[in-house]
Amino acid sequence: MDARQFLLGHLSNFEGATRFCHTSACDHVHTKLQEESLMYSKEKDIIAIVSFSFVNTDMRDIFCQRFPNALWALLDTTASEADERIQTREGHF
């Protein structure tokens, strides 16, 4: 299965995207943080940046639940810019 087939199969609808976020995406971040922590725990703080589309509030909520001790920052935009971005999107559910 190539990347395009994977994405179409998992992210083509809300349920698939949510399932992907709960499992694969969160698990990947958790595993990478653990690996880095084991390698560098005494040398430096481990920092990860996870970026979400401004419309993916459900996915942000899933990550916030999975990583309750994380520090979160919101880079906001104006309502008019958000509306314009939503209107120009193609192929989104």
Side-chain angles (χ1 to χ4, degrees):
M1 176 183 307
D2 67 17
R4 187 173 187 284
Q5 290 171 321
F6 173 81
L7 290 174
L8 288 175
H10 290 281
L11 304 180
S12 61
N13 59 51
F14 177 76
E15 292 79 19
T18 301
R19 186 172 44 255
F20 172 80
C21 189
H22 268 294
T23 57
S24 301
C26 284
D27 289 348
H28 176 76
V29 170
H30 184 258
T31 298
K32 290 298 179 184
L33 289 172
Q34 282 187 319
E35 289 172 0
E36 293 295 316
S37 181
L38 291 173
M39 288 175 54
Y40 301 109
S41 62
K42 295 179 181 171
E43 299 173 23
K44 62 182 178 178
D45 291 333
I46 304 302
I47 298 172
I49 297 175
V50 179
S51 175
F52 298 96
S53 166
F54 69 97
V55 295
N56 286 334
T57 57
D58 296 312
M59 290 187 183
R60 286 197 307 262
D61 291 344
I62 291 167
F63 267 78
C64 286
Q65 290 171 1
R66 178 76 181 265
F67 303 100
N69 296 322
L71 175 64
W72 297 96
L74 175 63
L75 302 178
D76 206 358
T77 188
T78 64
S80 62
E81 184 176 1
D83 288 340
E84 182 181 333
R85 289 182 184 179
I86 290 170
Q87 296 302 318
T88 59
R89 286 183 171 211
E90 294 181 14
H92 256 260
F93 53 87

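- In the hydrophobic cluster analysis, where Ile, Leu, Val, Met, Phe, Trp and Tyr join through side-chain heavy atoms closer than 4.5 angstrom, Ile62 is grouped apart from Leu33.
- Residues Val29 and Ile47 do not share a hydrophobic cluster, clusters being chains of Ile/Leu/Val/Met/Phe/Trp/Tyr side chains in contact below 4.5 Å.
- Listed by chain and number, the residues in a salt bridge (Lys or Arg N to Asp or Glu O under 4.0 Å) with Glu84 amount to none (sequence neighbours excluded).
- Residue pairs satisfying the salt bridge (Lys or Arg N to Asp or Glu O under 4.0 Å) criterion with at least one member in residues 67-77, sequence neighbours excluded, are absent.
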I would like to know whether Phe67 and Val50 meet side chain to side chain contact (heavy atoms under 4.5 Å, CB included); could you show each step before the answer?
CA-CA 11 Å; Phe67 303 100; Val50 179; over 6 Å; no
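- Of the charged side-chain nitrogens involved, at least one lies within less than 4.0 Å of a carboxylate oxygen, so that Glu81 and Arg85 count as a salt-bridged pair.
- How far CD of Gln65 is from CZ of Arg60: 13.0 Å, rounded to the nearest 0.5 Å.
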